[in-house]
Amino acid sequence: FFASWCPPCREEAPDLRAAWNHEKPKGDVVMAGVVYNDSTAAAQRYLNENGLSYPYVDDFDGKLSSAFRVTGIPKTLVIDSNGKITVAHFGSINAQQLIASIDDTRRQQP
(Lines give C-alpha, C1' and ligand atoms only; values in the text may rest on other atoms or scores of the structure.)
Protein backbone atom coordinates (compact mmCIF):
# COMPACT_ATOMS: atom_id res chain seq x y z
CA PHE A 1 0.00 0.00 0.00
CA PHE A 2 1.54 3.30 -1.11
CA ALA A 3 0.89 6.86 -2.27
CA SER A 4 2.93 9.28 -4.33
CA TRP A 5 2.74 11.92 -1.56
CA CYS A 6 4.16 9.60 1.12
CA PRO A 7 7.86 10.33 1.96
CA PRO A 8 8.54 6.86 3.45
CA CYS A 9 7.01 5.31 0.30
CA ARG A 10 9.45 7.29 -1.82
CA GLU A 11 12.28 6.24 0.50
CA GLU A 12 11.56 2.54 0.06
CA ALA A 13 10.94 2.64 -3.72
CA PRO A 14 14.52 1.67 -4.73
CA ASP A 15 14.37 -1.28 -2.33
CA LEU A 16 11.02 -2.43 -3.71
CA ARG A 17 12.47 -2.22 -7.22
CA ALA A 18 15.52 -4.24 -6.15
CA ALA A 19 13.40 -6.89 -4.44
CA TRP A 20 11.10 -7.17 -7.48
CA ASN A 21 14.07 -7.44 -9.86
CA HIS A 22 15.50 -10.17 -7.63
CA GLU A 23 12.26 -12.16 -7.32
CA LYS A 24 10.59 -11.71 -10.72
CA PRO A 25 12.90 -14.10 -12.64
CA LYS A 26 12.07 -16.91 -10.21
CA GLY A 27 8.49 -16.86 -11.48
CA ASP A 28 6.77 -17.77 -8.23
CA VAL A 29 6.15 -14.30 -6.76
CA VAL A 30 3.50 -11.78 -7.70
CA MET A 31 4.20 -8.27 -6.52
CA ALA A 32 1.54 -5.57 -6.75
CA GLY A 33 1.05 -2.09 -5.37
CA VAL A 34 -2.17 -0.77 -3.93
CA VAL A 35 -2.75 2.97 -4.36
CA TYR A 36 -3.85 4.41 -1.02
CA ASN A 37 -5.66 7.75 -0.96
CA ASP A 38 -4.04 9.05 -4.15
CA SER A 39 -4.95 9.66 -7.78
CA THR A 40 -4.23 7.18 -10.54
CA ALA A 41 -2.22 9.77 -12.47
CA ALA A 42 -0.02 10.66 -9.48
CA ALA A 43 0.49 6.99 -8.62
CA GLN A 44 1.46 6.16 -12.21
CA ARG A 45 3.97 9.04 -12.27
CA TYR A 46 5.43 7.80 -8.97
CA LEU A 47 5.80 4.26 -10.34
CA ASN A 48 7.37 5.51 -13.58
CA GLU A 49 9.75 7.92 -11.81
CA ASN A 50 10.94 5.11 -9.55
CA GLY A 51 11.19 2.40 -12.20
CA LEU A 52 8.59 0.23 -10.48
CA SER A 53 7.27 -2.13 -13.15
CA TYR A 54 4.99 -4.35 -11.10
CA PRO A 55 1.22 -3.93 -11.49
CA TYR A 56 -0.89 -1.82 -9.19
CA VAL A 57 -4.56 -1.33 -8.34
CA ASP A 58 -6.43 1.72 -7.12
CA ASP A 59 -8.25 1.54 -3.80
CA PHE A 60 -10.58 4.50 -4.38
CA ASP A 61 -13.34 3.13 -2.21
CA GLY A 62 -11.02 1.96 0.58
CA LYS A 63 -12.30 -1.62 0.49
CA LEU A 64 -8.83 -3.16 0.16
CA SER A 65 -7.42 -0.94 2.89
CA SER A 66 -10.29 -1.90 5.14
CA ALA A 67 -10.04 -5.61 4.33
CA PHE A 68 -6.31 -5.63 5.12
CA ARG A 69 -6.68 -3.25 8.09
CA VAL A 70 -4.42 -0.62 6.59
CA THR A 71 -4.57 2.63 8.52
CA GLY A 72 -1.25 4.11 7.38
CA ILE A 73 1.38 3.70 4.72
CA PRO A 74 3.64 2.32 3.53
CA LYS A 75 2.38 -1.12 4.41
CA THR A 76 3.87 -4.25 2.89
CA LEU A 77 2.16 -7.61 3.08
CA VAL A 78 3.61 -10.95 2.13
CA ILE A 79 0.83 -13.41 1.35
CA ASP A 80 1.45 -17.10 0.78
CA SER A 81 -0.03 -19.22 -2.01
CA ASN A 82 -2.95 -20.14 0.28
CA GLY A 83 -3.88 -16.49 0.84
CA LYS A 84 -2.48 -16.33 4.38
CA ILE A 85 -0.68 -13.14 5.38
CA THR A 86 2.74 -14.21 6.61
CA VAL A 87 4.22 -10.73 7.04
CA ALA A 88 2.55 -7.37 7.69
CA HIS A 89 5.22 -4.67 7.77
CA PHE A 90 4.28 -1.06 8.53
CA GLY A 91 6.76 1.62 7.46
CA SER A 92 9.60 1.49 4.97
CA ILE A 93 10.98 -1.93 4.20
CA ASN A 94 14.36 -2.57 2.64
CA ALA A 95 15.14 -5.08 -0.09
CA GLN A 96 16.91 -7.50 2.24
CA GLN A 97 13.97 -7.56 4.66
CA LEU A 98 11.45 -8.14 1.88
CA ILE A 99 13.50 -10.84 0.17
CA ALA A 100 14.06 -12.60 3.51
CA SER A 101 10.32 -12.44 4.23
CA ILE A 102 9.54 -13.93 0.83
CA ASP A 103 12.13 -16.68 1.36
CA ASP A 104 10.68 -17.48 4.80
CA THR A 105 7.20 -17.72 3.28
CA ARG A 106 8.50 -20.05 0.53
CA ARG A 107 10.04 -22.35 3.14
CA GLN A 108 6.71 -22.57 4.97
CA GLN A 109 4.84 -23.73 1.87
CA PRO A 110 4.08 -27.44 1.49
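Because only heavy atoms are used, hydrogens play no part in the values below, and waters and symmetry mates are left out as well, while side chains stay in. When a residue number appears, it is its place in the shown sequence, counting from 1. Here the structure is a predicted model, which means the values were calculated and not measured.
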**OP:** Under the side chain to side chain contact (heavy atoms under 4.5 Å, CB included) rule, what do D15 and L98 come out as? Steps first, then yes or no, please.
**Re:** CA-CA 9 Å; D15 286 291; L98 184 51; over 6 Å; no

Original post:
Can you find a pair of side-chain heavy atoms, one from V70 and one from L64, that are under 4.5 Å apart?
Top reply: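 They are not in side-chain contact.
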
Subject >> Between D104 and Q108, a side-chain donor and acceptor under 3.5 Å >> reply: no

Original post:
Between T40 and D58, do the side chains contain an N or O donor and an N or O acceptor separated by less than 3.5 Å?
Top reply: yes

Original post:
Quick one: are L77 and F1 in side-chain contact, heavy atoms under 4.5 Å?
Top reply: yes

Original post:
Is the side chain of S92 donor-acceptor paired with the backbone N or O of P8 at a distance under 3.5 Å, no angle test?
Top reply: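 Yes, the answer is positive, given that a donor and an acceptor are paired below the 3.5 Å cut-off.
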
**OP:** Report yes if the side chains of N82 and Q109 come closer than 4.5 Å at any heavy-atom pair, otherwise no.
**Re:**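 N82 vs Q109: side chains touch.
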
Subject >> Parallel, tilted or perpendicular: rings of Y36 and W5 (30°, 60°) >> reply: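 Tilted: the ring planes of W5 and Y36 meet at 30° to 60°.
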
Original post:
With no hydrogens and no angle check, is any side-chain donor or acceptor of D38 less than 3.5 Å from a backbone partner on S4?
Top reply: yes

Subject >> Backbone of L52 reached by a side-chain donor or acceptor of N50 within 3.5 Å >> reply: no

Original post:
Taking C-beta and beyond as the side chain, do R106 and T86 meet within less than 4.5 Å on heavy atoms?
Top reply: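 No, too far: nothing below the 4.5 Å cut-off.
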
Original post:
Any side-chain heavy atom of V87 within less than 4.5 Å of one from I102?
Top reply: no

Subject >> Atom NZ of K84: over 12 foreign heavy atoms under 6.0 Å >> reply: no

Original post:
For the side chain of D103 and the backbone of R107, is there at least one donor-acceptor N/O pair under 3.5 Å apart?
Top reply: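 Flag not set: sc D103 to bb R107 has no pair under 3.5 Å.
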
**OP:** Check whether any side-chain heavy atom of V35 sits under 4.5 Å from a side-chain heavy atom of F2, and report yes or no.
**Re:**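 With C-beta onward as the side chain, the pair touches.
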
Subject >> Close side-chain approach of I73 to C9, heavy-atom, < 4.5 Å >> reply: yes

Original post:
Nearest heavy-atom pair of V30 and W20: which atoms, and what distance?
Top reply: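 Where V30 meets W20 most closely, the heavy atoms are C-CZ3, 4.5 Å.
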
Original post:
Does any non-hydrogen side-chain atom of Q97 lie less than 4.5 Å from one of E12?
Top reply: no

